[in-house]
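Hydrogens, waters and symmetry mates play no part in the numbers below; they use all other heavy atoms, side chains included. Lettering follows sequence order; numbering is per chain, from 1.
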There are 2 protein chains.
Amino acid sequence: MLSMKAKYALKALIHMAQTDRPMLPSKQIAEAADIPQKFLDNILQELRQNGIVDSKRGIFGGYFLAKDARSIILGDIIRIIDGPLAPIRCASLTAYQKCEDCRDEAACQLRHLMLDVRNAMSGVLDQRCLQDLVTDPSLTAA
Amino acid sequence: MLSMKAKYALKALIHMAQTDRPMLPSKQIAEAADIPQKFLDNILQELRQNGIVDSKRGIFGGYFLAKDARSIILGDIIRIIDGPLAPIRCASLTAYQKCEDCRDEAACQLRHLMLDVRNAMSGVLDQRCLQDLVTDPSLTAA
DNA sequence: TTAAAACATACTCATTGAGTGTAGATTTTA
DNA sequence: TAAAATCTACACTCAATGAGTATGTTTTAA
């Protein structure tokens, strides 16, 4: 399940990618995207610490995308906020971890299955960038 | 993320599908698959109530698959234990629910994206049955 | 110097996850 | 018919997570 936090992060980033303004204060983003402001502050902090957005302090400060919306990968946003895509850690490429109780990982059918699920998810989320959520009107058409 | 509960459910069902015995007491399943027994009892209850397994009481009782391993769909097992596959309810086919804050669902890029993710997951999980986890030695090869 | 913004830390509070415990019901066989 | 082994139901614990809030500090430009 996608957390509210990740959902808000994506909504906020979409809004930021859509605006023509050079930067937006979190308050404006919160109002426009219908997100509790203080919670959004936390989220924007995390995104900033991970190089997705950048900020300028002081009056007339605010947040802006740290790089082009074409190089912001949707899978990465979700990983930053919610952690690995894979349904189980032993099937994660970016955050692999062995199962406590696993006897023979190579033979584990569950792991194989979940690797397939992970790859299917990655196929969608790591092939799309933030810009795709702004311009492309019918993602499902392709 | 797959819960421990769902992982245990799958491990238990794989074990049941692999045995040649007509039925197995939960204690044996728990030992063989390394699952806390009382927790497994809860899980088997849920699976029974959803027609995946059936049980016989008394001495020499136990649990057995309620239908052929070929007609037990992996996606359904996960839905029973962990709920819908979709990362967000508005993108679920089996448990659809509108977002509180959604203005125009048809235009919501987030929903489109998550529908694609859901379909990708379903493509793996709803196309495979319990039997696939028993016999097929290399799921990823295909 | 002051208003508006980002930034940091810590806190609440309900829900979920991961189990355990106890008691009771059912069935077979000795 | 009673013991033994099992299923079944319900309630309970206990820690972690999710979803925010609150308070205060620092920065910046007018």
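Scored by the side-chain hydrogen bond (donor to acceptor under 3.5 Å, both in side chains) test, A:Q18 finds no partners at all (sequence neighbours excluded). Residues forming a salt bridge (Lys or Arg N to Asp or Glu O under 4.0 Å) with B:R111 (at least two apart in sequence, or on another chain): B:E105. Under the side-chain hydrogen bond (donor to acceptor under 3.5 Å, both in side chains) criterion, A:E31 pairs with no residue, sequence neighbours left out.
Grouping Ile, Leu, Val, Met, Phe, Trp and Tyr by side-chain contacts under 4.5 Å, direct or through others, puts B:F60 with B:I59. In the hydrophobic clustering, where aliphatic and aromatic side chains (Ile, Leu, Val, Met, Phe, Trp, Tyr) are joined below 4.5 Å either directly or transitively, A:Y96 stands alone. Counting side-chain heavy-atom gaps under 4.5 Å among Ile, Leu, Val, Met, Phe, Trp and Tyr, the cluster of B:M23 also holds B:F64.
The list of side-chain hydrogen bond (donor to acceptor under 3.5 Å, both in side chains) pairs with a residue in residues 49-61 of chain B, not counting sequence neighbours, is empty. Sorted by first and then second residue, the pairs that involve residues 76-88 of chain A and meet side-chain hydrogen bond (donor to acceptor under 3.5 Å, both in side chains), not counting sequence neighbours, are A:S3-A:D82, A:D76-A:R79, A:R79-A:D126.
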Filtered N/O pairs between nucleotides 16-22 of chain D and protein, under 3.5 Å:
{"residue": "D:dA19", "atom": "OP2", "partner": "A:M4", "partner atom": "N", "Å": "3.2"}
{"residue": "D:dG20", "atom": "OP2", "partner": "A:Y8", "partner atom": "OH", "Å": "3.1"}
{"residue": "D:dT21", "atom": "O4", "partner": "A:N42", "partner atom": "ND2", "Å": "3.3"}

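Near DNA chain C, meaning a heavy atom under 4.0 Å from it, residues 47-60 of chain B has B:K56, B:R57, B:G58, B:I59, B:F60 in order of number. Of the residues in residues 10-33 of chain A, those lying under 4.0 Å from DNA chain C by heavy-atom distance are A:P25, A:S26.
Taking 4.0 Å as the cutoff to heavy atoms of chain A, we find the contact window on DNA chain C bounded by C:dA4 to C:dA8.
A straight line from CG of B:L44 to P of D:dA9 spans 13 Å, rounded to a whole angstrom.
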